[in-house]
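Pasting in a structure now, in structure tokens, and then I'll have a few things to ask.
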Amino acid sequence: MVDKPAIQYVVEEAVSAQLSDVLMITGRNKRPLEDHFDRNYELEETLTRKGDKSRLARVRESSDLATMHYVRQGDPKGLGHAVLCAEPHVGDQPFAVLLGDDLIDPRDRLLARMIDVQEQHGGSVIALMEVSPEQIHLYGAAAIVPTADSDVVRVTDLVEKPEPEQSPSNYAIIGRYVLDSAVFDAIRKVVPGRNDEIQLTDALRDLSHRDDTGGPVHGVVFTGRRYDTGDRGDYLRAIVRLACERDDLGPDFRTWLRSYVTEEMQE
Ligand code: G1P
């Protein structure tokens with residue numbers, strides 16, 4: 001995305017919410033991810049020799065970002081199963097889950113707000129975004145009731161990827177969660193659901209029905225900019241937006257974009 005991998009934005013988001021210990025759950029063929037966040041001594045040496053300080057700083061940026069740990073999921077048995085792989089690392093503390101495909105614009109504050117809400121209410125907190133009825137089948141959908149805070153709702157039920165007519169609302173789970181460690185036991189009890197996978201949504205559904213251990217579940221309603229980098233259209237929109245906002249590239253890129261759009265409109 002512009003000049004760094006999408007996953008780096010996700011790690012930077014965690015770091016900007018004061019989370020500096022990152023466990024990445026990866027799968028087969030994902031070794032380049034690990035290399036990206038590791039030191040690259042050969043490249044650093046070449047850049048030092050050339051005196052290219054700005055590139056050197058960029059290369060070091062990714063390896064100095066956070067303490068990185070990796071675990072391989074082995075069989076991809078669903079998001080719930082991926083989260084369960086983190087249990088030995090996490091222990092019994094609340095923890096955040098950030099899905100690598102979902103990119104939250106760095107100018108919008110979501111994760112830090114979710115951590116505040118978790119500290120205030122306990123239990124677990126999920127990020128929700130209103131989507132159109134035609135899109136709800138792509139997401140986990142939440143039944144909600146309002147709370148005293150306009151951006152916070154109480155989640156009373158969840159359904160993974162419902163048909164529009166069966167959806168409890170148009171509030172979709174987007175890929176950010178702050179979870180109570182009770183979720184691990186809840187995941188273990190989940191029977192494979194949609195696509196025969198262990199769904200995180202099903203474990204959270206169980207927690208949303210509880211007031212004691214692991215519950216309640218609250219939602220933070222996000223109205224900022226979110227990009228699904230797994231969707232080609234969204235991926236392109238994200239690159240354009242992020243490039244426009246860059247201090248170094250933005251001014252020239254905006255000028256070009258303006259003339260490009262004017263040309264396109266004349267055709
Ligand atoms: C996953 C979750 C879903 C959530 C979505 C957000 O689905 O299972 O509940 O709404 O992420 O991106 P996936 O997109 O991995 O199919």
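Both backbone and side-chain heavy atoms feed into the values below; hydrogens, waters and symmetry mates do not. Atoms within each ligand, like the ligands themselves, are counted from 1 in listed order.
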I want to know if ligand 1 touches Tyr139 in the polar sense, i.e. an N/O pair below 3.5 angstrom. no
Strictly distance-based, threshold 3.5 Å: is any side-chain N or O of Ser208 a donor or acceptor partner for the main-chain N or O of Val217? no
Taking Arg225 first and then Glu245, would you say they form a salt bridge - that is, a charged N and a carboxylate O separated by under 4.0 Å? no
Pairing of Arg109 and Asp116 as salt bridge, 4.0 angstrom limit: yes
Are any non-hydrogen side-chain atoms of Leu84 and Ile198 less than 4.5 angstrom apart? no
Close-contact set for ligand 1 against Thr201 heavy atoms, below 4.0 Å: 9 (O)
Mutual orientation of the aromatic rings belonging to His89 and His69 [parallel < 30°, tilted 30-60°, perpendicular > 60°]: tilted
All ring-ring contact (aromatic ring centres under 6.0 Å, His included) counterparts of Tyr41, not counting sequence neighbours: none
Is there a polar contact between ligand 1 and Gly140, counting only N or O atoms under 3.5 Å apart? yes
Check if Leu200 has a non-hydrogen atom at a distance under 4.0 Å from any atom of ligand 1. no
Does any N or O of ligand 1 fall below 3.5 Å from an N or O anywhere on Lys161, backbone included? yes
I'd like to know if Asp185 pairs up with Lys189 as an ion pair, taking the criterion as any Lys NZ or Arg NE/NH1/NH2 lying under 4.0 Å from an Asp or Glu carboxylate oxygen. no
Enumerate the atoms of ligand 1 whose separation from the nearest heavy atom of Leu99 is less than 4.0 angstrom. 11 (O)
Closest to atom 8 (O) of ligand 1 among protein heavy atoms sits Glu160 OE2, 2.7 Å
Could you find the nearest protein heavy atom to atom 10 (O) of ligand 1 and give me its residue, atom name and distance? Ile173 O, 2.7 Å
Assess whether a salt bridge exists between Arg205 and Asp202, defined as any Lys/Arg side-chain N lying under 4.0 Å from an Asp/Glu carboxylate O. no
Contacting atoms of ligand 1, where contact means under 4.0 angstrom from a heavy atom of Asp102: 6 (C), 12 (O)
Ile174 to ligand 1: N or O pair under 3.5 Å? no
Are any of the protein's heavy atoms under 4.0 angstrom from atom 15 (O) of ligand 1, yes or no? no
Below 4.0 Å from any atom of ligand 1, is there a heavy atom belonging to Arg226? yes
